[in-house]
Amino acid sequence: MTTRTVDTTQELAAFLRTRRERLDPDDFGLPPRRQARRTPGLRREEVAELAGVSVDYVVRLEQGRGLRPSASVVEALAGALRLAPDERAYLFDLTRQRPRSAGRPVTTAAPSLARLVADLSPLPVMLLNHRYDILAWNGEMAGLLTDFDTLPPEQRNAMWLCLMHPRIRELYVDRERVVREGIAHLRAAWAAHPEDRALGDLIAGLTTSNEEFARLWAERDIKVNGRGNKVMRHPVVGVITVQFEVLTPLEDPGQRLVIYRAADDESRAALGRLCVG
């Protein structure tokens with residue numbers, strides 16, 4: 001990827017192709033055809049039949065020829081391709097059929113949210129925007145991850161830190177899953193904010209400088225995780241398993257509150273030692 005913002009026409013074409021090729025024809029009960037399949041997945045004519053559109057329409061979409069499908073056609077394509085909810089939302093974003101949020105991207109913490117981050121101690125908490133920029137954090141989160149105050153502002157980004165920071169690169173026990181889920185979330189944000197040049201610059205820079213990011217970005221996975229578990233190998237207190245919860249404030253929908261809680265007694269004790277230290 002060389003452009004700094006989203007080329008929605010070409011991304012839509014690539015996304016439709018990759019999702020079509022991932023489907024197993026045996027799952028659809030389609031009648032047998034004389035010609036053997038030379039490529040994986042469904043044929044374009046099969047997708048067209050399932051979606052109730054012409055084959056030529058599907059071909060033009062996959063060739064990036066500037067079509068803008070209606071909401072009903074997008075819904076039909078999502079059903080034909082059996083998209084998961086996050087993938088469906090991504091398709092609606094690419095086709096500009098989902099309402100856009102008003103205003104400019106948030107780059108500073110809302111004062112009330114910054115106070116809330118501090119007040120939620122001793123739970124580790126941080127505040128992010130849609131780019132994964134870290135806007136605010138408390139001492140417990142800094143102790144768990146890194147001292148964000150020592151980093152230049154451009155490096156205070158959770159995705160960049162996970163890929164590039166020497167300590168945080170080695171922090172997660174299941175690193176592949178954490179990175180993959182983070183990139184899938186970032187891709188959803190990329191489609192929802194197609195004119196955000198700073199986000200485009202971040203993605204372009206990581207694609208160029210980090211082979212792992214480039215490989216996973218090219219897979220076009222889409223997923224937004226609002227909660228889950230992470231296992232960390234902390235250099236001071238050892239293994240910690242945390243449950244994370246991501247909350248979106250109604251008054252500040254461009255910001256995300258990320259809260260960690262210990263998943264078991266051993267992790268609770270480890271976090272306690274970390275706070276005391």
Side-chain angles (χ1 to χ4, degrees), residues 86 106-151 153 155-186 188-189 202 213 216 223-277:
D86 292 332
V106 177
T107 57
T108 58
S112 60
L113 291 178
R115 291 193 297 272
L116 179 59
V117 168
D119 290 344
L120 285 172
S121 295
L123 295 176
V125 181
M126 60 183 169
L127 187 70
L128 309 178
N129 63 11
H130 67 276
R131 301 174 191 147
Y132 278 119
D133 292 335
I134 303 169
L135 307 180
W137 59 90
N138 60 15
E140 288 79 6
M141 185 62 82
L144 186 61
L145 298 182
T146 191
D147 185 354
F148 300 110
D149 278 321
T150 65
L151 300 175
Q155 292 182 10
R156 293 178 195 157
N157 178 277
M159 190 79 258
W160 188 94
L161 290 170
C162 191
L163 290 163
M164 309 296 284
H165 190 278
R167 171 178 159 182
I168 298 179
R169 275 182 55 86
E170 305 302 323
L171 181 65
Y172 298 104
V173 173
D174 190 1
R175 172 181 166 72
E176 171 83 8
R177 178 182 64 83
V178 171
V179 173
R180 182 180 293 276
E181 289 180 353
I183 291 173
H185 193 141
L186 194 66
L202 171 68
F213 181 91
L216 294 175
K223 189 167 180 62
V224 178
N225 276 347
R227 63 169 57 97
N229 290 351
K230 293 181 181 180
V231 183
M232 306 178 182
R233 189 178 293 106
H234 195 275
V236 176
V237 297
V239 175
I240 300 175
T241 302
V242 298
Q243 297 174 335
F244 68 87
E245 195 82 27
V246 182
L247 306 178
T248 302
L250 288 175
E251 292 293 326
D252 299 283
Q255 303 184 44
R256 307 286 184 268
L257 199 67
V258 182
I259 304 170
Y260 286 176
R261 295 177 295 165
D264 50 52
D265 291 340
E266 292 80 5
S267 298
R268 190 171 296 106
L271 282 176
R273 295 194 302 273
L274 194 60
C275 292
V276 172

Point to revise | Intermediate values then yes/no, side chain to side chain contact (heavy atoms under 4.5 Å, CB included), E266 and T241 | key: CA-CA 9 Å; E266 292 80 5; T241 302; over 6 Å; no
**Study point:** Side chains of L144 and I240 in contact at under 4.5 Å (non-hydrogen atoms)
**Key:** yes
Exercise for review: Output, in order, the C-alpha distance, side-chain angles, deciding distance and verdict of side chain to side chain contact (heavy atoms under 4.5 Å, CB included) for Y132 and R256.
Suggested key: CA-CA 9 Å; Y132 278 119; R256 307 286 184 268; over 6 Å; no
Check your understanding: More than 12 non-hydrogen atoms from neighbouring residues, nucleotides or ligands closer than 6.0 Å to CZ on R233, yes or no?
Key -> no
Review point. Quick check: are there more than 12 heavy atoms from other residues, nucleotides or ligands sitting under 6.0 Å from CD of E251?
Key: no
Exercise for review: With the side chain counted from C-beta on, respond yes when F148 and L161 share a heavy-atom pair under 4.5 Å apart, and no when they do not.
Suggested key: yes
Exercise for review: For residues Y172 and R177, determine if any side-chain heavy atom of one lies less than 4.5 Å from a side-chain heavy atom of the other.
Suggested key: no
Check your understanding: Is the shortest heavy-atom distance from the side chain of I134 to the side chain of M141 under 4.5 Å?
Key -> no
Check your understanding: Hey, does C162 have a side-chain heavy atom less than 4.5 Å from the side chain of V179?
Key -> yes
Practice item. Might you confirm whether atom CZ of R261 has over 12 heavy atoms from other residues, nucleotides or ligands at distances under 6.0 Å? Key: no
**Study point:** Rounded distance [0.5 Å steps], CG in L202 versus CZ in F213
**Key:** 6.5 Å
Check your understanding: With a 4.5 Å limit on heavy-atom distance, are the side chains of L257 and L120 in contact?
Key -> yes
Check your understanding: Under 3.5 Å, side chain of R167 to main-chain N/O of T146, donor-acceptor pair present?
Key -> no
Check your understanding: Can the positive tip of K230 be found less than 6.0 Å from the middle of the six-membered ring of F244, inside 45° of the ring normal?
Key -> yes
Review point. Considering all heavy atoms of both residues, which atom of A109 and which atom of L127 are nearest to each other, and what is their separation?
Key: CB-CD2, 3.5 Å
Check your understanding: Going through the distances and angles, do L151 and H165 end up as a side chain to side chain contact (heavy atoms under 4.5 Å, CB included)?
Key -> CA-CA 10 Å; L151 300 175; H165 190 278; 4.2 Å; yes
Check your understanding: Between E176 and L216, is any pair of side-chain heavy atoms under 4.5 Å apart?
Key -> yes
Check your understanding: So how far is it from N157 CG to N129 CG, rounded to the nearest 0.5 Å?
Key -> 8.0 Å
Point to revise | From M159 atom CE to L128 atom CG, the distance as rounded to the nearest 0.5 Å | key: 11.5 Å
Practice item. Give, for atom CD1 of I259 and atom CZ of R227, the distance between the pair rounded to the nearest 0.5 Å. Key: 11.0 Å
Review point. Rounded to the nearest 0.5 Å, what separation is found between the NE2 atom of H234 and the CG atom of L171?
Key: 7.0 Å
Review point. To the nearest 0.5 Å, how far apart are CG in L274 and OG in S267?
Key: 11.5 Å
**Study point:** CA sep, side-chain torsions, deciding dist, call: Q255, D133, side chain to side chain contact (heavy atoms under 4.5 Å, CB included)
**Key:** CA-CA 10 Å; Q255 303 184 44; D133 292 335; over 6 Å; no
Check your understanding: Are E140 and L123 close enough that some pair of their side-chain heavy atoms sits under 4.5 Å apart?
Key -> no
